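Since this is a predicted model, take the numbers as computed values, not measurements. In what follows, chains carry the letters A, B, and so on, assigned in the order in which the sequence lines appear, proteins first and then strands, with residues in each chain numbered from 1.
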Amino acid sequence: MALKSDLELVDEFKRGKVEGFNELVRRYQQRVYWIARRVLGSHQEADDAVQEAFVRAYMSLKTFRGEANFYTWLYRITTNIALNMLRKKKAKNFIRLEDVLIPLEDTANGPVEQLNQREYEMVLEKAIELLPAKQKLVFVMRYYEELPYEEMAKILKRSVGGLKANYFHALKKIQKYVRKEIGA
Amino acid sequence: MKCKDIKYRLPEFIKKTLSEAENSSIGEHLTTCEECLQELKGLEQLYFGLNSLKETPPPDHYWTTLLPRIHMQIEEQRQHRLPRWIPRYAIPAAIAALLLIVLPRVISPQRGEGSSEQSTNVGSSFGVRALLQQMDSIEIQQISEMSSISPFNGFVDSHYGEHHFNGDKEVLKQMFSENKDLYTAQRVDLSTIGFDIPLAVKNLNDREINDIILQLNQKQFIN
């Protein structure tokens, strides 16, 4: 049996068949989860964001007109929720760089060689966590989700050129932080 | 291609997502530009590190329990929502009713009797907070009780000892004592002021003062 398109499932839902919505959840739950997880950094927060995103989608689905494709629309809902949660988290738990420095052994003889792999990964993870909220979102969407810039531009309502520059600067920030911590 | 055009394309160059023409152009530039070459090497090292990051996936059962939990949340939200007809009809109707009551009084307030050339608009020039600080607690209480949204029908009781004349205060008292409808009490004849008034100074707290100011505001005595 051929898979129904997203719009067909939305129409089904609009006709009162909740199974249309259920199928959309099953279809996109993993992608929605991972974007939230990578922006927020924790499973618990990602779980909250995913539920919120699908609940909001359910409440608004009857008015979804299909001008954007369904996934773009859902993605936008998810990123808005994740960004808001991230901003609240950052405001609540202000992180100072000095507080998160990992004490290091002497790195005079080649930084990466002196650290074990896990320590290096921790520095990288912290560098990503410290990115400003919107920049982190761009980084996650490009690096992890591998979304084309044109798709990102539709979701985030920004220019392709601006997004490319933003992504590049995110990489440079991560690189700068890692070099500062371990000299790599 | 200039360096600043190259650098934003380097991540895509590393991921090999550029066109052949762009790849070729960047490759050529890198053979002659040490700075861009070092930039490329730095990013390649970063990508190597990023690619090694591990992400712990959620447990398998997570995906089967997510949908039921979403439906529980939907049900919960539905129960807390107002019936659709309330925001759609009842709230606009309530606002319209309020405007019908308030607007006529705002647009055409009546002039008080006995106004003279020395009449003054109470609202425009008083330091209301300072004025209220000088009134005693009984006066304030009476004003509070009688200054409601409906027309005011009462007067300040005054039989406690001597008073110190204070023009602003007297105007306000006169207004409250003589005018049954506060909407009309915008002009007061200063020449009629001069009766003994009680004066026990009390330090009002901010809540009491804001309460009075709010009520005076509603009567448009304060600009």
| To the nearest 0.5 Å, how far apart are CZ in A/F21 and CD1 in B/I74? | 4.5 Å
| request: Against chain A, label B/K15 side chain, backbone, both or neither, depending on which of its atoms sit under 4.5 Å from a heavy atom there. | output: side chain
| query | Out of curiosity, A/R26 CZ to B/T64 OG1, how far, rounded to the nearest 0.5 Å? | reply | 11.5 Å
| remark: Shortest non-hydrogen pair, A/Y120 vs B/G49, comes out as CE2-CA, 3.7 Å
| field | B/L66 backbone acceptor or donor facing A/Q29 side chain under 3.5 Å | value | no
| field | Under the salt bridge (charged side-chain N to carboxylate O under 4.0 Å, His left out) test, residues paired with A/R65 that sit two or more places apart | value | A/E67
| Distance, nearest 0.5 Å, that separates CZ of B/R69 from CZ of A/F54 | 12.0 Å
| task | Quick one: do A/Y58 and B/Q73 satisfy side chain to side chain donor-acceptor pair (under 3.5 Å)? Show the steps, please. | result | CA-CA 11 Å; A/Y58 181 96; B/Q73 290 253 9; over 6 Å; no
| In residues 150-161 of chain A, which residues are in contact with chain B at a heavy-atom separation under 4.5 Å? | none
| task | Let me see the working for B/Q77 and A/R56 under side-chain contact (heavy atoms from CB on, under 4.5 Å), right down to the final yes or no. | result | CA-CA 10 Å; B/Q77 284 211 13; A/R56 280 203 206 172; over 6 Å; no
| Steps toward side-chain contact (heavy atoms from CB on, under 4.5 Å) verdict (A/K172, B/L46) | CA-CA 9 Å; A/K172 293 301 289 181; B/L46 178 61; over 6 Å; no
| request: Could you tell me whether A/E125 and B/K54 make a salt bridge, using a distance below 4.0 angstrom between a side-chain N and a carboxylate O? | output: no
| query | From A/Y149 OH over to B/T17 OG1, what is the distance, rounded to the nearest 0.5 angstrom? | reply | 7.5 Å
| note | In terms of heavy-atom pairs under 4.5 Å with chain B, the winner among A/V25, A/N22, A/V50 is A/N22
| query | Of all heavy-atom pairs between A/H43 and B/P58, which one has the smallest distance, and what is that distance? | reply | CE1-CB, 3.6 Å
| query | chain A heavy atoms under 4.5 Å from B/Y62: which part of the residue, side chain, backbone, both or neither? | reply | side chain
| request: Taking all non-hydrogen atoms of both residues into account, name the closest pair between A/L124 and B/L50 and its distance. | output: CD1-N, 3.6 Å
| said: Quick check on A/Q30 against chain B: is it the side chain, the backbone, both or neither that has a heavy atom closer than 4.5 Å? | reply: both
| request: Carefully, step by step, assess B/L53 and A/I128 under the rule side-chain contact (heavy atoms from CB on, under 4.5 Å). | output: CA-CA 11 Å; B/L53 291 178; A/I128 296 168; 3.9 Å; yes
| request: Would you please classify the geometry between the A/H169 ring and the B/Y8 ring as parallel, tilted or perpendicular, with 30° and 60° separating the classes? | output: perpendicular
| Any Lys/Arg nitrogen of A/R38 or B/E55 sitting under 4.0 Å from an Asp/Glu carboxylate oxygen of the other? | yes
